[in-house]
Each structure stands twice: as structure tokens, then as C-alpha cells.
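In what follows, chains are A, B, ... by sequence order, proteins preceding strands, each numbered from 1.
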Number of protein chains: 2
Amino acid sequence: MSPQQRKSEEAGSRENERRRTILRAAIDVFARKGYHGCRIADVAREAGVAYGLVYHYFKNKDELLETVAETGWSGFVSRMRTVAESEDASLEDKVRGIADVAFEAYRVDPRAVKVLILEVARSPAGGHVVSRQQAFLGAIRMAAEMFARAQSTGELRSDLDPMLCASLLFGAIEMGLTAFVSGLMEDRSPEALDRAKVQIAESFLRGVLPGAAPSAEASWKQEKQSSGTRPKAGKRS
Amino acid sequence: MSPQQRKSEEAGSRENERRRTILRAAIDVFARKGYHGCRIADVAREAGVAYGLVYHYFKNKDELLETVAETGWSGFVSRMRTVAESEDASLEDKVRGIADVAFEAYRVDPRAVKVLILEVARSPAGGHVVSRQQAFLGAIRMAAEMFARAQSTGELRSDLDPMLCASLLFGAIEMGLTAFVSGLMEDRSPEALDRAKVQIAESFLRGVLPGAAPSAEASWKQEKQSSGTRPKAGKRS
DNA sequence: TCCCCGGCTGACTCGCGAGTCAGTCGGCCG
DNA sequence: CGGCCGACTGACTCGCGAGTCAGCCGGGGA
């Protein structure tokens, strides 16, 4: 190992050591108190470093969140892309794969997922620094394309809007995770997590795949076999 | 109309006139810039009233959001309760009814729904003001109970976790609405909305009902015109 | 040994925006 | 008509917390 290598490597890892410590602390604090609900001082204390050092590594508070979002999200997206764009896998497997990726991410780092879901994906953002939910929307679009492709090969019912399918899938996954994140599910064992994952993936697939259910396209036209009066409509006087 | 009635009604509505104006302005501003991204001054300007008047009607900024959440959410929950707890309706109809309620709310007041979804349901806030997401979780629990009951009558596959079903349904609906809220769906016509609603409800049902398929019941065709009498989904009390 | 350099420190500044309050105005009652 | 009451106003206060910066070490090189 040459001196240069050693030097730069050491320096690099040492520098990143601190940087990472701060990032880690930021994730934990954001998860606990929310982005708006915490001060930089909290992050510094959590990281065990001086207040000013945070500003040595990050331009400002916003960049801190930005970086958390960036790193966390890019990992998820690249993994998801591998799944969604694999040539030989069936749609079913892809969907299961995506659920896998999401739940695995939660298993590995629940707090980071919490921040990603609560602060990034749903940032109310009026001005919203673009990269934020743009990345999120990008993931949905990617899924939508996957579904569109699946439609052309007949793997997906053709009467569904791909974009809506993507929303449905992500909504189900996200809300499933939220149930854990928010403590709605009291049992957070790995087994419970796995069960949830499977249920979500399978229920989604049942609802969306063609065949099996006879009523696919036909049912859209079929007459109502009146199951009681259901006086509701989309219009209001 | 008795004098008392008239009097109190007038007084009530006059006082509330201002109050409502401010509330309305708050919803619009929150929807546009987010809760944290706006100042009380913005709300006052939007409402066309003096800065101080906002504090005449609301204790502080938080109570403003609280009130927005309260009113918007209670309307939704009570409507949803009527649907979820109706004795004679099938699970299918209940699910469709819930989707109806949600999408109707969006049709009537998209901005309020945006605020509810973005600022209330997912308020990142660690622990604070309970009533916020507690109400949201309450709705999920209500749905979970509905699903549990449906399981006991065999209307729902018994291998599913009711709580998870509820999460799935809400996740799908919420994300569907989010797709509109965030502009992911470019077509926001009432028809597109209706299509989305139906797809979500039907996909969910297919995925979750026992047996081969949901009893093919495609009643949305006539739904569009059945508007005769319908006491539900008439936003704002 | 001493000096220099850069990671590191934390007390300080300063702007922003929530919340206050002394005062105005119009309407109603005696 | 005069005095009271309460909705309404908006300039002001003040605390909070983001961001700054002058200076402090500790290690490495001369």
C-alpha cells in the first residue's frame, strides 16, 4: 500500500467518519422529533460533536435533510430498479421483489425509513427543494412503466391505469410500513414484518393480475346483481 | 322560524362568518405553502383581515391547524362510520362506500384534503398534539374492526390481518389521492377521479375477498346517474 | 523543538415570525 | 345624545434557533 493511498484513504475515511456520525445522528433525531421539531444543537449533541462542526460538513440544516434523503433514497431506488427492470422475471416476482426491498430496508434501518416516509416522501413543501419528492415520484413512475410493460405482455389486466397501479402498490407498502412506524402494529418481530410483506404483495397481486378471477374485463360491463340498494353517487346537488 | 332561532342563528353565523373566512384562508395557504412554510400574516392577508384578528378567533397557530384538522377529519370520519357500521350492507359495498366518501371529499374540497393528507395524517411531529394523527389512526382502527367483523361472517379471507387490510385500503386510497394532489395524474377531471376510485376499490376487493373473485358487480355505470336522493357525502356540516 | 495547518469548538449575532396590547371604530342601549 | 362594549387593527416585543467566526488544540513536518 503506497503512502499516498494510505494517506488519502485514511483521511477519506476519517473525514467521512465524522460526517457519517453526524448523518446518523440526524436520522435518529429527525425520526424522534421530526425535521422541524429539532434544532441543529440536538443533532450535534446526539452525534457528540460541537455545534459548529455540523456546519463544517453541511451547508445548512436543509442540506442535512437533503443528504439523508439522497443517500437513503438512492439505495432504495437502485435496488428497486434492478428488480423492476430485470428481463426474465415475471410481474409477480417483481412485485414481490419490490415489497422485499422495502421491508428489508425497514428491517435494516427503521428510523431511516421513518424519516424517508414522513419527512421526505410527504414533505408538504410549498417550495420543496426539487430533489425531495421528485425522487419519490420518480420511483412511482418507474413502477408505472413496469406495469405498462406488463400490460403489453398480458401479465396485467389491461383495464387498469399503470400509474394508478403504481400508486396502489406504493400506497399499500407505504401504509403497511407506516403501521409499523407509527406503532399501530404492536408486534414488530421480523416474522410479523414478513407476514405483512407477504400479505401486501399477495393481496395486491390478486387484485391486479388477470385471469383466475373470471370477472376481469367482462365484469366491467356485467349488469349489477343488486346486492341491496346502494344510493350513492359521485354527484351532489 | 322563531325569533330565538333566528337571532341565535344570525349571531352564530355572523361571528362564524369571520371565523370561517379565516379558516378557509388557512386551508388555502396551508395547501399552497405548507403549515411550516407560511406565516400568520399570510393567512391574515389571504383572509383579508388584520393580523391580530386571527388571534382573536384562534389561540395560536397550532390551534388553527388543529381546527382545520378537526373539522375536516370529523366530517370524513362520521361519514365513514355510517358506511362502515351499516348493518345491512355487504363488505364490498362498505369498501366502495369508503372509497366514495374519500374521493367525494377530494372532489368537493381538494385543498382541504391536501392539507389533511400532507399536514395532518402524516404529521412527522414526534408525539405532539395527540388529536392529530390519533384521529387518523382511529379511522384505521375503525376499518380494521369492520374487516374483523367481515371475517367472522366469512366475507373476508380469514388468513389476513384485519389491521393490515385496513392499512392496505387506506394506503391505496391515500396514495391514489396523493397522485392527484401532487399532480402525478395530469388528468384531474371528475371522470378520471371516478375511474381511479373504482379501480382502487375493485382492485382492493379482488385482492382481499375470499373465493375466486368478487361477485362481479359493476354498478358504477348507473352510479353516475343515480344521483336522486343521497344524504351522504354532502361536505360541510 | 517550534510552528503551521486544518479539524474542531461554542459563545455570539441577528433575522424572523409568533404572539401581545394599547388603541380605534361602529353599533346599540339607556 | 353620550357612554359602553366588543369586534377589529397593526406596530411592537421578544424568544428562538439558524448560521458565523475568532480562536483553540493536536499532530505532523521542518
Side-chain angles (χ1 to χ4, degrees), chain A residues 2-26 29-30 32-68 119 123-127 129, chain B residues 3-4 6-26 29-30 32-68 119 123-126 128-129:
Chain A
S2 80
Q4 287 97 328
Q5 268 183 333
R6 194 156 161 273
K7 170 122 190 233
S8 67
E9 190 183 291
E10 258 187 23
S13 71
R14 183 111 38 83
E15 269 181 47
N16 287 354
E17 198 74 41
R18 294 296 219 158
R19 196 184 157 85
R20 280 198 196 164
T21 306
I22 293 171
L23 222 43
R24 185 68 244 167
V29 173
F30 288 169
R32 200 176 333 118
K33 313 176 80 168
Y35 176 72
H36 289 288
C38 80
R39 289 148 297 184
I40 292 293
D42 296 329
V43 175
R45 197 173 328 114
E46 177 85 18
V49 302
Y51 185 93
L53 195 63
V54 175
Y55 285 92
H56 186 73
Y57 287 107
F58 300 91
K59 195 163 97 280
N60 52 35
K61 194 183 178 188
D62 205 68
E63 193 187 271
L64 203 49
L65 180 57
E66 204 65 28
T67 307
V68 171
E119 306 287 348
S123 71
V129 193
Chain B
Q4 287 98 326
R6 194 155 161 275
K7 172 118 187 236
S8 66
E9 191 181 289
E10 258 187 23
S13 72
R14 181 114 37 83
E15 270 180 45
N16 288 354
E17 198 74 42
R18 294 295 219 158
R19 195 184 158 87
R20 282 200 193 164
T21 306
I22 293 172
L23 222 42
R24 185 68 244 166
V29 173
F30 289 169
R32 202 179 326 122
K33 313 176 82 167
Y35 176 72
H36 289 288
C38 81
R39 288 147 299 183
I40 293 293
D42 296 329
V43 174
R45 198 174 328 114
E46 177 85 17
V49 302
Y51 185 92
L53 195 63
V54 176
Y55 286 92
H56 185 72
Y57 286 106
F58 300 92
K59 195 162 97 282
N60 53 35
K61 194 184 179 186
D62 205 68
E63 194 187 271
L64 203 50
L65 180 56
E66 203 66 28
T67 308
V68 170
E119 306 285 349
S123 75
H128 84 179
V129 198

Notebook entry, point to check: How long is the line joining CG of L53(A) and C1' of dG23(D), in whole Å?
Noted result: 16 Å
Note to self: Please give me the minimum heavy-atom distance between I22(A) and V54(A), naming the atom from each residue.
What the structure shows: CD1-CA, 4.2 Å
Checklist line | Interatomic distance, E17(A) CD vs dG6(C) P [rounded to whole Å] | finding: 21 Å
Note to self: To the closest 0.5 Å, what do you measure between CZ (R20(B)) and OG1 (T67(B))?
What the structure shows: 13.0 Å
Next item on the list: Calculate the interatomic distance between Y35(A) atom OH and dG17(D) atom C1'; express it in whole Å.
Entry: 12 Å
Margin query: If you compare all heavy atoms of Y55(B) against all heavy atoms of I40(B), which two are closest, and at what distance to 0.1 Å?
Written below: OH-CG1, 3.4 Å
Margin query: Quick check on dA7(D): is either OP1 or OP2 less than 4.0 Å from any side-chain nitrogen or oxygen of H56(B)?
Written below: yes
Next item on the list: Rounded to the nearest angstrom, tell me the gap between atom CZ in R19(A) and atom P in dC8(C).
Entry: 13 Å
Notebook entry, point to check: Atom CZ of R45(B) to atom P of dT9(D): distance rounded to whole Å?
Noted result: 15 Å
Next item on the list: Report the C-alpha distance between F58(A) and L65(A) in whole Å, list the side-chain angles of each, state the deciding distance to 0.1 Å, and finish with yes or no for side-chain contact (heavy atoms from CB on, under 4.5 Å).
Entry: CA-CA 10 Å; F58(A) 300 91; L65(A) 180 57; over 6 Å; no
Note to self: Rounded to whole Å, please give me the gap between NE2 in H36(A) and P in dC16(D).
What the structure shows: 19 Å
Next item on the list: Applying side-chain contact (heavy atoms from CB on, under 4.5 Å) between Y35(A) and each of V68(A), D62(A), L64(A), report the one that passes.
Entry: D62(A)
Item checked: Parallel, tilted or perpendicular, as decided by the 30° and 60° cut-offs, for the rings of H36(B) and H36(A) -> parallel
Next item on the list: Starting from C1' on dG7(C), measure out to CD1 on I22(A) and report it in whole angstrom.
Entry: 11 Å
Next item on the list: Determine: side-chain N/O of R39(A) to OP1/OP2 of dC16(D), distance under 4.0 Å, yes or no.
Entry: no
Review item, nucleotides 19-21 of chain D N/O atoms under 3.5 Å of protein N/O:
residue : atom : partner : partner atom : Å
dG19(D) : OP2  : Y55(A)  : OH           : 3.3
dG19(D) : OP2  : K61(A)  : N            : 3.0
dG19(D) : N7   : Y51(A)  : OH           : 2.7

Next item on the list: Taking only the side-chain nitrogens and oxygens of R18(A), find out if one of them lies under 4.0 Å from OP1 or OP2 of dG7(C).
Entry: no
